[in-house]
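Both ligands and their constituent atoms are indexed starting at 1 by order of listing.
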Amino acid sequence: MLLEKKKILIMGIRNKWSIAWGVAKSAQENGAELIFTYSPMEKQEKIEEFIKEIPNAKAYPCDVAEDSSIQECLEKIKNTHGKIDGILHSIAHANTEDLRNDFIFTTRSGFAHASDISAYSLIAISRIAQQIQLLKENASIVALTYYGSEKSVEGYNIMGVAKAALESSIQYLAKDLGKAGIRINAISAGPIKTLSAKGIKDFGSILDIVEKRAPLHRNVTTKEVGDTASFLFSYMASAITGEVIHVDNGFSTVGV
Ligand code: NAP
């Protein structure tokens, strides 16, 4: 199996609609041992209840807004599970008003918040993981991004700017992590109905447009995103780093 004997840390699980859950299911099917982190805003019992499906899975709280929380959480994971083979970063947040108003009204604090949680957190996680030697050589980090970084998408606003920062960070992180043989890539997933996506104004019409215009005329599933993540975690992607791979039924390739 593709991920046999690999330990993968899944960061950003909220419920069964989360993209992180699709990645977890695919990685499990491919033989990986899974460790989860969740936002401390969530109830531990709720998370533990639904990850029961994954044998021996453990979940740890981690607030990516705080370096101290990331440090404490990753150290706990290293002490309990030893070195790991991969990290999924499936985390983003923006203030609701910054997604509802026109982009021009984005506040200074809203800009800082969305960039901090959705982009800077990847840098902090990568750095701390390296400092405590959590990652094995040949490990792979995968983050989630969206087309709204490349083109303006109605209602995506500050998240688009944060995702552009995330994608650029991936190229710089690839250079630094590459010195230790570690790869880092992003998946640009097509729109998926998750709790976070509900925050985007008129999200339903984005799904309709993809169905109409994408070459494959349908929306993607979390399982399809998960399968691409499994590939990126595996030796089959051993020469891929610093990339953004679109898993969007071809939507981003279509012009007029
Ligand atoms: P989701 O299920 O709501 O997952 C988002 C996760 O981010 C939640 O678990 C949330 O925790 C977590 N988070 C927010 N702030 C955090 C913090 N300070 N510390 C730790 N965790 C925090 O939504 P999703 O759609 O699967 O999103 C996952 C990733 O995919 C995001 O990066 C998103 O931008 C990206 N993406 C989504 C789509 C889409 O259409 N859905 C498309 C492309 C890319 P809480 O439980 O506390 O909220």
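For atom 17 (C) of ligand 1, the nearest protein heavy atom lies closer than 4.0 Å.
Taking 4.0 Å as the cut-off, Ser188 does not count as a neighbour of ligand 1 on heavy-atom distance. Using 4.0 Å as the threshold, Met11 has no heavy atom nearer than that to any atom of ligand 1.
Side chains of His93 and Ser118: a donor-acceptor N/O pair is absent below 3.5 angstrom, by distance only. Side-chain polar atoms of Thr106 and Asp98 form no donor-acceptor pair below 3.5 angstrom.
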Give the table of side-chain donor-acceptor pairs shorter than 3.5 Å for residues 138-148, with sequence neighbours excluded, one pair per line with atom names and distance.
residue	atom	partner	partner atom	Å
Ser140	OG	Leu232	O	2.8
Thr145	OG1	Glu167	OE2	2.6

Hey, can you pull the donor-acceptor pairs under 3.5 Å for the side chains in residues 205-213, sequence neighbours left out?
residue	atom	partner	partner atom	Å
Ser205	OG	Asp202	O	3.0
Ser205	OG	Asp202	OD2	3.3

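The proximity of Pro40 to ligand 1, defined as any non-hydrogen pair under 4.0 Å, does not occur for either the backbone or the side chain. Within the 4.0 Å heavy-atom criterion, both parts of Asp63, backbone and side chain, lie near ligand 1. Of the heavy atoms in Thr37, none comes closer than 4.0 Å to ligand 1. The proximity of Val64 to ligand 1, defined as any non-hydrogen pair under 4.0 Å, involves the side chain as well as the backbone. With a 4.0 Å heavy-atom cut-off, ligand 1 is reached by the side chain of Phe203 but not by its N, CA, C or O. Contacts between Ile13 and ligand 1 below 4.0 angstrom, taking non-hydrogen atoms only, involve the backbone exclusively.
In terms of N/O distances under 3.5 Å, ligand 1 is not approached by Trp17.
Phe111 CZ: 12 or fewer foreign heavy atoms inside a 6.0 Å radius.
Residues Glu53 and Lys16 are in side-chain contact: their nearest non-hydrogen atoms beyond the backbone lie under 4.5 Å apart.
Of all heavy-atom pairs spanning Ala27 and Ser230, the tightest one is N-OG, 3.5 Å.
No donor-acceptor pair under 3.5 Å is formed between the side chain of Asp248 and the backbone N or O of Ala189.
The residue from His89, Lys16, His113, Arg14 that puts a heavy atom closest to atom 48 (O) of ligand 1 is Arg14.
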